[in-house]
Amino acid sequence: MSPMTSRLALPRLLLLVLVVAIAAGSGCARFGKMFKKGDKNEGVPVEQLYDKGHESLMDENFGSASETFQRLIAQYPYGPYAEQAQIEMAYAQFKAGKHDDAISTIDRFIRTYPTHRNTVYMYYLRGLSNSARNTVFLQQVFSLDTSNRDLSSPMQAYNDFSIVAERYPNSRYAEDARQRMIYLRNQFARHEINTGLYYLRRDAWVAAADRSKYLLETYPQSEYQSDALAIMAEAYTRLGNQALADDAKRVLQQNDPDHPWLSGGWPKDPSVFHRLNPFARERRGVSSSSTDPNLD
């Protein structure tokens, strides 16, 4: 072969190699797609998707149920199956402890179907989710007293239950919503008591008296009204305002003659462990307690 012929053959050889490489790459890509695992729920009829998600929910496989309902809503965003899927997905997310996701799903449902017959249930479920939001893990691990924590979510839960009780008074959820409102109201009152005790321990007598007055005005007939009167009597005594101290003491004696403040045994100073442990329950100053209703 002449040198000229060799020079002409070389580009042809490189071109052939390039073509083979491209073809091989394309073939590998197609081969890979043949074995690539796709979404097992993609393209499944809406009835089958709903039945699959509902079955997972009944089996308490909440993660799988939520995933299936999400696919159903994405593929079939309108119609009765999509409506029911949102309701059951919100419940699955709540039971899985994904309270932020549950609330997002509930809010979307309420905006889309404000007059739906199950809207009352969604308000009720949002109340449950807000009650448990950001507290379940901490309570279980550290036994935290939630009355000492941020109350924004419990406040929202109270509003949710209030909507259920006031807008839908004859619904199956109304009575339970009212009971949960009572519990939350006592938690809010307890929060004020803990704050008042904090001021007492720091000799902030005016702030302690004001906090007790606020509790009595805002949460009358709560479980902690006697504690509020005791803090008020103690604060006014320390301030030297004997007239107001005697008034608070007299009302306390009438309403709760066995309150430990009257015998000088309340409030007790926290132990060193409680002062240093941010996760300890602050029960040292509260004379009564309330029990959280079980979340459904």
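Count residues from 1 along the sequence. What you see is a predicted model; the values in this text were computed from it and never measured.
- When hydrophobic clusters are built by joining Ile, Leu, Val, Met, Phe, Trp and Tyr residues whose side-chain heavy atoms come closer than 4.5 Å, directly or via intermediates, Val164 is grouped together with Tyr158.
- With rounding to the nearest 0.5 angstrom, the OG atom of Ser171 is 13.5 Å from the CZ atom of Arg117.
- Sparse packing is recorded around CZ of Arg172, with 12 or fewer heavy atoms of other residues, nucleotides or ligands lying under 6.0 Å away.
- Partners of Glu175 according to the salt bridge (Lys or Arg N to Asp or Glu O under 4.0 Å) rule, which considers only residues two or more places apart in sequence or in another chain, are Arg178.
- A continuous path of hydrophobic side-chain contacts links Phe109 to Phe94 [ILVMFWY only; heavy atoms under 4.5 Å].
- The aromatic rings of Tyr219 and Tyr214 sit perpendicular, their planes meeting at an angle over 60°, well past the 30° parallel limit.
- Nearest approach of Gln221 to Gln225, heavy atoms of both residues: N-OE1, 3.5 Å.
- Scanning all heavy atoms of the two residues, the minimum distance from Leu215 to Tyr224 falls at CD2-O, 4.1 Å.
- Put simply, the side chain of Asn118 reaches to within 4.5 Å of the side chain of Gln84, judged on heavy atoms.
- Contact annotation: the side chain of Asp227 never approaches that of Arg190 to less than 4.5 Å [non-hydrogen atoms, C-beta and beyond].
- Put simply, OH on Tyr124 and OG on Ser129 are 11.0 Å apart, with the number rounded to the nearest 0.5 Å.
- A search for salt bridge (Lys or Arg N to Asp or Glu O under 4.0 Å) contacts involving Arg167 returns nothing, not counting sequence neighbours.
- Each side-chain hydrogen bond (donor to acceptor under 3.5 Å, both in side chains) pair with one or both residues in residues 102-113, not counting sequence neighbours, appears once here: Gln93-Thr105, Asp107-Arg126.
- Ala157 pairs by the side chain to side chain contact (heavy atoms under 4.5 Å, CB included) definition with Asn130, Ser131, Phe161, Leu184, not counting sequence neighbours.
- Closest heavy-atom contact between Ala208 and Gly196: CB-O, 3.8 Å.
- Interatomic distance, NE2 of His191 versus CG of Asn186, reported as 14.5 Å (0.5 Å rounding).
- Under the 4.5 Å side-chain heavy-atom criterion for Ile, Leu, Val, Met, Phe, Trp and Tyr, Ile106 and Met155 are members of the same hydrophobic cluster.
- In terms of heavy-atom proximity, Pro267 sits nearest to Leu197 at CB-CD2, 3.6 Å.
- Note: Ile193 CD1 to Ile231 CD1 = 4.0 Å, rounded to the nearest 0.5 Å.
- In this structure, Lys95 and Glu60 have side chains that are not in contact, with every pair of non-hydrogen atoms separated by 4.5 Å or more.
- Under a hydrophobic clustering in which Ile, Leu, Val, Met, Phe, Trp and Tyr are joined whenever their side-chain heavy atoms come within less than 4.5 Å, directly or via other members, Ile182 and Ile163 fall into different clusters.
- Under the side-chain hydrogen bond (donor to acceptor under 3.5 Å, both in side chains) criterion, Lys249 pairs with no residue at all, not counting sequence neighbours.
- Of the inter-residue distances, the one linking Tyr199 atom OH with Thr195 atom OG1 reads 6.5 Å to the nearest 0.5 angstrom.
- Across all their heavy atoms, Ala209 and Met232 have their closest contact at O-CE, 4.1 Å.
- Considering only residues two or more places apart in sequence or on other chains, Asn241 meets the side chain to side chain contact (heavy atoms under 4.5 Å, CB included) condition with Tyr236, Ala243, Leu244.
- Under a 3.5 Å cut-off, the side chain of Arg185 and the backbone N or O of Pro220 do form a donor-acceptor pair.
- The hydrophobic cluster containing Ile103 does not contain Leu125, counting ILVMFWY residues as joined when their side-chain heavy atoms lie under 4.5 angstrom apart, directly or transitively.
- Applying the side-chain hydrogen bond (donor to acceptor under 3.5 Å, both in side chains) rule to Glu83 yields the partners His116; only residues at least two apart in sequence or on another chain are considered.
- Between Ala90 and Ala102, the shortest heavy-atom distance links the atoms O-CB, 3.6 Å.
- Residue Leu72 belongs to a hydrophobic cluster whose other members are Val44, Val46, Leu49, Tyr50, Phe69, Ile73, Tyr76, Tyr81, Met89, with links defined by side-chain heavy atoms closer than 4.5 Å.
- When the salt bridge (Lys or Arg N to Asp or Glu O under 4.0 Å) test is applied to Asp247, the partners found at least two apart in sequence or on another chain are Arg250.
- When side chains are defined from C-beta on, Thr119 counts as touching Tyr123, because their heavy atoms get closer than 4.5 Å.
- Using a 4.5 Å cut-off on side-chain heavy atoms (C-beta onward), Ser212 and Leu229 make no contact.
- Screening residues 230-241 for salt bridge (charged side-chain N to carboxylate O under 4.0 Å, His left out), with sequence neighbours left out, gives Glu234-Arg238.
- By the 6.0 Å contact criterion, CD on Gln254 is enclosed, its count of non-hydrogen atoms from other residues, nucleotides or ligands being greater than 12.
- Using modelled atom types, one side-chain atom of Ser263 and one backbone atom of Pro260 make a donor-acceptor pair closer than 3.5 Å.
- Residues satisfying the side-chain hydrogen bond (donor to acceptor under 3.5 Å, both in side chains) test with Gln48, not counting sequence neighbours, are none.
- In terms of modelled atom types and a separation under 3.5 Å, the side chain of Ser66 and the main chain of Phe62 share no donor-acceptor contact.
- Residues satisfying the side-chain hydrogen bond (donor to acceptor under 3.5 Å, both in side chains) test with Glu47, not counting sequence neighbours, are none.
- If you take CG on Asp176 and OH on Tyr173, they are separated by 10.5 Å, rounding to the nearest 0.5 Å.
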